[in-house]
Colleague: 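Got a structure for you, questions after.
Only this structure's heavy atoms are used, side chains among them; waters, hydrogens and symmetry mates stay out. Predicted model only: the values in this text are computed from it and were never measured. Every chain is numbered from 1, with letters handed out A, B, ... down the list of sequences.
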There are 4 protein chains.
Amino acid sequence: MTEKQDKILSSALELFANEGFNATSTNQIAKKAGVSEGLIFKHFKNKKGLLDALYVQVEGKLGAGFTQIIFETDPKKVLKITIESPFMIPHEDYDFWRLQFKLKWESDYYNPEKMQPLIDKLAWAFEELNYETPEMEAKLLEQMIETIMVAILRQGKESQLAYKDFLLKKYEL
Amino acid sequence: MTEKQDKILSSALELFANEGFNATSTNQIAKKAGVSEGLIFKHFKNKKGLLDALYVQVEGKLGAGFTQIIFETDPKKVLKITIESPFMIPHEDYDFWRLQFKLKWESDYYNPEKMQPLIDKLAWAFEELNYETPEMEAKLLEQMIETIMVAILRQGKESQLAYKDFLLKKYEL
Amino acid sequence: MTEKQDKILSSALELFANEGFNATSTNQIAKKAGVSEGLIFKHFKNKKGLLDALYVQVEGKLGAGFTQIIFETDPKKVLKITIESPFMIPHEDYDFWRLQFKLKWESDYYNPEKMQPLIDKLAWAFEELNYETPEMEAKLLEQMIETIMVAILRQGKESQLAYKDFLLKKYEL
Amino acid sequence: MTEKQDKILSSALELFANEGFNATSTNQIAKKAGVSEGLIFKHFKNKKGLLDALYVQVEGKLGAGFTQIIFETDPKKVLKITIESPFMIPHEDYDFWRLQFKLKWESDYYNPEKMQPLIDKLAWAFEELNYETPEMEAKLLEQMIETIMVAILRQGKESQLAYKDFLLKKYEL
DNA sequence: TATGAATGAGTATTCATTCAT
DNA sequence: GATGAATGAATACTCATTCAT
């Protein structure tokens, strides 16, 4: 991965995440990256190829975000880390996540099973804590977390801080 | 509103909702509507004008959906109707809602205050039911409802049915 | 067929015939025709669509060229007209024929059966004139005529005039 | 001439002969040859340089094909060898000849005088055999041979076999 | 000798939009 | 109200070619 290749990807990420895939032209990407338009196609074949490359990165980040939760053995801590995780995302990763959520609407990239490992772990935690329907609780919490993340990405971290305390209290953490 | 005008709008709705605004060309709309491309511009000035016209319709539907909840006086029923509402949407309105949610990601049209009347009513209901932080509960429930709607629009009503019962039970309705 | 449509076709014919299909850009065609590049695609869908439209015209000319020969009842005259035909082509049709011969090398357009009606008529004439293998003689003459046409298209009518007399004498016409 | 140089030339020959010069990209050639695109330009300066290099080879083959005829002293044998020559071309040389004929239509390379030595020899043979207009007969036979070659290159040797016998008989060989 | 990164001009094609009828 | 011809700017993508390594 050369420096220019990197620059292309990061420029594309920023534009795709904020303007959308279709609303972003390869010309814009090239200009922002400071490279010739042709180079994009040399390295990524397609505009779609660019998105694919970004998607791989996004999936990587997603997996990395999971690991801490997956390896936690204290059920209460599992819930706590999960609830806090949207607030821990470094600002420079916001575009990654924005893209991730935008892609949910593009059927080619929509994969609801991606979150399954997280849901499974949460279900395990709720079971340990003797919740009645742990599976359902897990799904619900996961959805709430996603919802909060979307709000953070759109309105900023601060606007959602109250939620964190509210949820922590709700789950007695 | 002539018949052709109507046909243009409904074709545009279907395409915008499923392919996205940018990914839909006026040519496609004209073909689907069975009219000349020029007519679109006669009636709606430009492509954005089409979206604006649809947006008005969407807002109408949104408001109509609210009224039943707004005028309900039994707090428990307010929550019940809210939770059940995503499952009551008739199938022919799905495109309307899909467009509504897609527009959330197209900055120009995102208006988070649109849901405020619903949130206020929910907050009132939670207060009546002596919840500790009714405002917070209201926002959370509203977000969960949105999340469920998104899931319904993407995966169908059936996939989310379990949530309804779960939430109704959770809120003791 | 509007005037501009006509202009596009004639410009394309001239360029395709002299520069070749691949060597001609739609930009060149548009400029020569004095229209916007977009119009080419509105009317002919593709660059290939342009070639297809020309091909139809070429086939028409070819058929028209045959009729006089096909309806001739005197076998000697059939041969005479055939031999003279390459020299009768009006200069403004040269591009048509140049394209016709160029297309022979593009498999999509190569159709060796196109000449069959002519060959059949020649075979009939040679039979009437008691040639031993009329079918073979017909094919040979047809090939010679094609060869002479190619030479005319490349080097001009005058360069090949001697052939006409030579062939007329050879076949005792 | 290194191995890679050779591979580039043979790949270019195959592509130019079958797809055409303009329709073939240096990228395709490089890929088929298994070398980097840059190497083509190191060795042949530019795309045209490649064609020039091939042209030299084609001219060599052409010359080689002539020698047997040129040095023949029996006039009947001269005609016989000439008529049989298109059928003697080894299959692996077909691309060479295809390119040769395609170039005829690309003006820069068309050189009608290339065949003159053959025509002269044929004229000599026809004179020896007391034909009335030997020069004319020579040109005609040469053109027929070319036409047959084109047909062979496009439709295969077998499709044209009948011609050989027919011509041999016609010239009483 | 050979590579592969990089370019800038060019390619076919699409787009939203205008306008005469 | 409605059409369809026409446009010019933009689009994704390709091309032959250069150059540092």
Colleague: With rounding to the nearest 0.5 angstrom, report the CG to NZ distance, A:N18 to A:K102.
Modeller: 6.5 Å
Colleague: If each of C:K4 and A:Q28 is mapped to the nucleotide of DNA chain F with the nearest heavy atom, which maps nearer the 5' terminus, i.e. the 5' end?
Modeller: C:K4
Colleague: Under 4.0 Å between a side-chain N/O of A:S36 and OP1 or OP2 of E:dG8, yes or no?
Modeller: no
Colleague: How do A:G38 and D:G38 order along DNA chain F: which one's closest nucleotide is nearer the 5' end?
Modeller: A:G38
Colleague: Look at the side-chain N and O atoms of C:N46 and state whether any lies under 4.0 Å from the OP1 or OP2 oxygen of E:dT13.
Modeller: yes
Colleague: CD of A:E37 versus P of F:dC15: gap in Å, rounded?
Modeller: 15 Å
Colleague: Distance check needed: E:dT14 P versus C:F44 CZ, whole Å only.
Modeller: 15 Å
Colleague: Rounding to a whole Å, what distance do you find between D:L39:CG and F:dA20:C1'?
Modeller: 16 Å
Colleague: So, OP1 or OP2 of E:dA16: does either fall under 4.0 Å of a side-chain N or O from B:T26?
Modeller: yes
Colleague: How many whole angstroms separate atom CG of D:L51 from atom C1' of F:dA16?
Modeller: 15 Å
Colleague: If I compare all heavy atoms of A:E37 with all of A:N27, which pair ends up nearest, and what's the gap?
Modeller: OE2-N, 3.4 Å
Colleague: With a cut-off of less than 4.0 Å, is there a side-chain N or O of D:T2 near OP1 or OP2 of E:dT1?
Modeller: no
Colleague: Assuming nearest nucleotide by heavy-atom distance, tell me which of A:I40 and C:K47 is located more 5' along DNA chain E.
Modeller: A:I40
Colleague: Provide, to the nearest angstrom, the distance between the CG atom belonging to B:N27 and the P atom belonging to F:dT7.
Modeller: 18 Å
Colleague: Between F:dT11 atom P and A:L50 atom CG, what is the distance in whole Å?
Modeller: 15 Å
Colleague: For the ring-ring contact (aromatic ring centres under 6.0 Å, His included) test, which of C:F101, C:Y55, C:F21 pairs with C:F16?
Modeller: C:F21
Colleague: Taking atom P of E:dA9 as reference, at what distance in whole Å does atom CZ of A:F41 sit?
Modeller: 17 Å
Colleague: Measure NZ/A:K45 against P/E:dA5 and give the value in whole Å, please.
Modeller: 17 Å
Colleague: Using a cut-off of 6.0 Å, state whether more than 12 heavy atoms not belonging to B:E92 lie near its atom CD.
Modeller: yes
Colleague: Would you check if C:T26 and C:F41 make a side-chain contact, meaning some heavy-atom pair closer than 4.5 Å?
Modeller: yes
Colleague: Give a yes/no answer on whether the side chain of C:K42 brings an N or O atom under 4.0 Å of OP1 or OP2 in E:dT14.
Modeller: no
Colleague: Is any side-chain heavy atom of D:Q100 closer than 4.5 Å to a side-chain heavy atom of D:K114?
Modeller: yes
Colleague: Which residue lies toward the 5' end of DNA chain E, B:A23 or A:E3, if each is placed at its nearest nucleotide?
Modeller: A:E3
Colleague: Mind pulling the stems DNA chain F is in, i.e. runs of at least three Watson-Crick or G-U pairs, everything under 3.5 Å?
Modeller: E:2-21 with F:2-21
Colleague: Other residues, nucleotides and ligands only: do more than 12 of their heavy atoms fall within 6.0 Å of CD on B:E113?
Modeller: no
Colleague: Excluding sequence neighbours, so at least two apart, what forms ring-ring contact (aromatic ring centres under 6.0 Å, His included) with C:F96?
Modeller: none
Colleague: Is C:H43 near enough to F:dA6 that one of its side-chain N or O atoms lies under 4.0 angstrom from OP1 or OP2?
Modeller: yes
